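All remarks here apply to the structure that follows.
First the proteins, then the strands, lettered A, B, ... as listed; each starts at 1. Given the structure is predicted, the values throughout are model-derived calculations rather than measurements.
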Number of protein chains: 2
Amino acid sequence: MKTNKDYSENLKQSGLKITKQRVAILDILDKSKQPIAAEEVYENLKSNNISINLSTVYRTLELLTSKNLVLKVSIDGNSKSLFETNNMMHKHYLICTECKKILDIYYCPLENYEKELEQETHFKISGHRLDIYGLCPQCQKKINGGKNNI
Amino acid sequence: MKTNKDYSENLKQSGLKITKQRVAILDILDKSKQPIAAEEVYENLKSNNISINLSTVYRTLELLTSKNLVLKVSIDGNSKSLFETNNMMHKHYLICTECKKILDIYYCPLENYEKELEQETHFKISGHRLDIYGLCPQCQKKINGGKNNI
DNA sequence: ATGCAAATGCAAATTATTTGCATTTATTAT
DNA sequence: ATAATAAATGCAAATAATTTGCATTTGCAT
């Protein structure tokens with residue numbers, strides 16, 4: 001019985017008008033356990049009988065990303081950009097190469113490394129992106145189910 | 001006076017026919033200090049008076065990537081895929097957010113971390129992707145040249 | 001040299017995303 | 001509440017990157 005967050009406040013604070021489309025999009029993203037593509041947002045809204053245009057979805061996602069209410073994520077091997085609500089936590093992704101499920105990892109192994117790298121390279125490091133790939137436990141079972149391990 | 005590597009052998013070993021287009025593409029990639037887009041490969045070939053079709057470039061890059069002779073790289077904020085010769089070394093990218101230059105980093109700070117993560121998540125980790133963003137020394141100067149530092 | 005599968009060129013298709021413009025809607029001042 | 005207005009939306013068409021179908025050409029084994 002998860003109560004919806006109220007996104008009106010977030011929109012207002014970012015100086016954006018509160019429209020049913022924007023609230024609905026933030027709602028869909030918040031309900032999704034994973035980053036999803038613009039088209040998925042759109043289909044999702046349509047099946048909830050919320051009338052919206054795909055270009056509005058794109059425009060809104062781009063806008064919300066620019067206001068940091070939403071994160072735009074691009075995963076290797078996926079030609080579409082994915083979107084998720086921004087909970088303002090630095091994180092990384094653990095991606096199953098088989099079922100494409102994406103898990104969030106909130107521990108960051110790179111904080112000290114960034115400082116070292118700044119000294120070595122004289123870059124002013126502003127951020128990084130770390131995606132880790134592997135097989136999730138379920139997919140390992142599916143694939144190695146036939147006892148054909150090494 | 002850099003002598004071209006002979007890519008014919010690489011192609012042959014991968015069971016591919018040796019064509020002037022393929023050799024030329026590998027050559028362009030090898031000459032480039034950075035990953036480049038399919039279209040850049042194409043333009044580069046044309047200015048060298050090597051006749052080729054853009055779709056052949058795409059097909060070839062995809063093929064060479066599948067044979068691991070070439071690496072396909074996608075960088076955040078760049079809508080095009082980039083390609084570079086695969087020197088079979090594990091590496092990461094340090095990307096200047098201003099001039100978009102890409103530096104290779106051959107040290108990997110994640111080897112132990114992957115093992116820890118396997119134990120925690122029960123994923124079978126197969127790889128990762130790490131891109132680090134920042135301002136290169138030159139762009140720092142350009143931007144902070146007016147003494148407007150903190 | 002010949003034959004044939006594989007590679008290429010060309011045009012057209014596809015996919016993801018963006019844009020221009022007319023219409024509608026949310027907010028602000030009345 | 002109402003009107004004014006700037007911003008948001010819908011719709012269709014445009015664009016960018018990449019892919020595909022098919023006819024022609026080419027590399028290579030015989």
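Below 30°, between 30° and 60°, or above 60°: for A/Tyr107 and B/Tyr113 the angle between ring planes is between 30° and 60°, a tilted geometry.
Taking 4.0 angstrom as the limit, B/Thr19 places a side-chain polar atom (N or O) nearer than this to OP1 or OP2 of C/dT8. Between B/Thr60 and C/dT8 there is a side-chain polar atom (N or O) within less than 4.0 angstrom of OP1 or OP2. Side-chain N/O atoms of B/Ser55 include none lying less than 4.0 angstrom from OP1 or OP2 on D/dT20. At the phosphate of D/dG10, OP1 or OP2 sits under 4.0 Å from a side-chain N or O atom of A/Gln21. Between A/Asn53 and D/dC11 there is a side-chain N or O to OP1 or OP2 distance below 4.0 Å. Look at B/Ser79 and you'll find a side-chain N or O under 4.0 angstrom from OP1 or OP2 of D/dA17.
Donor-acceptor pairing under 3.5 Å, judged by distance alone, is present between the side chain of A/Arg59 and the base of D/dG10.
Along DNA chain D, the nucleotide nearest B/Ala37 and the nucleotide nearest A/Val57 are compared for position; the residue whose nucleotide lies closer to the 5' end is A/Val57.
The nearest whole Å value for the distance from the CD1 atom in B/Ile18 to the C1' atom in D/dC28 is 10 Å. We find that CG of B/Leu63 is positioned 7 Å from P of C/dA7, with the value rounded to whole Å. Taking atom NZ on A/Lys20 and atom C1' on D/dG10, their separation rounds to 11 Å, with Å as the unit. Taking atom OH of B/Tyr42 as the reference point, atom P of D/dA17 lies 14 Å away to the nearest angstrom.
Ranking D/dT18, D/dG10, C/dA16 by closeness to the A/Tyr58 side chain, first place goes to C/dA16. The side chain of B/Lys80 lies closest to D/dT18, out of D/dT18, C/dA26, C/dT8. In this structure, of D/dG10, C/dG9, C/dT18, it is C/dT18 that holds the atom nearest to the side chain of A/Glu62.
Using a 4.0 Å heavy-atom criterion, one finds that B/Ser81 contacts the sugar-phosphate atoms exclusively. Across all strands, B/Ser51 comes closer than 4.0 Å only to sugar-phosphate atoms, never to a base (heavy-atom distances). Across all strands shown, A/Lys17 has heavy atoms under 4.0 Å from base atoms, whether or not it also approaches the sugar-phosphate.
Pair assignment for D/dA29 gives C/dT2, based on Watson-Crick or G-U wobble hydrogen-bonding distances that are each under 3.5 Å.
At a threshold of 4.5 Å between non-hydrogen side-chain atoms, the residues A/Asn10 and A/Leu64 do not count as touching.
Hydrophobic clustering (ILVMFWY, side-chain heavy atoms < 4.5 Å, transitive): A/Ile28 and A/Phe83 are in one cluster. No path of Ile, Leu, Val, Met, Phe, Trp and Tyr side chains, each step under 4.5 Å between heavy atoms, connects A/Leu71 with B/Ile75, placing them in separate hydrophobic clusters.
The two residues A/Tyr42 and A/Asn53 make their nearest non-hydrogen contact at CE1-C, 3.9 Å.
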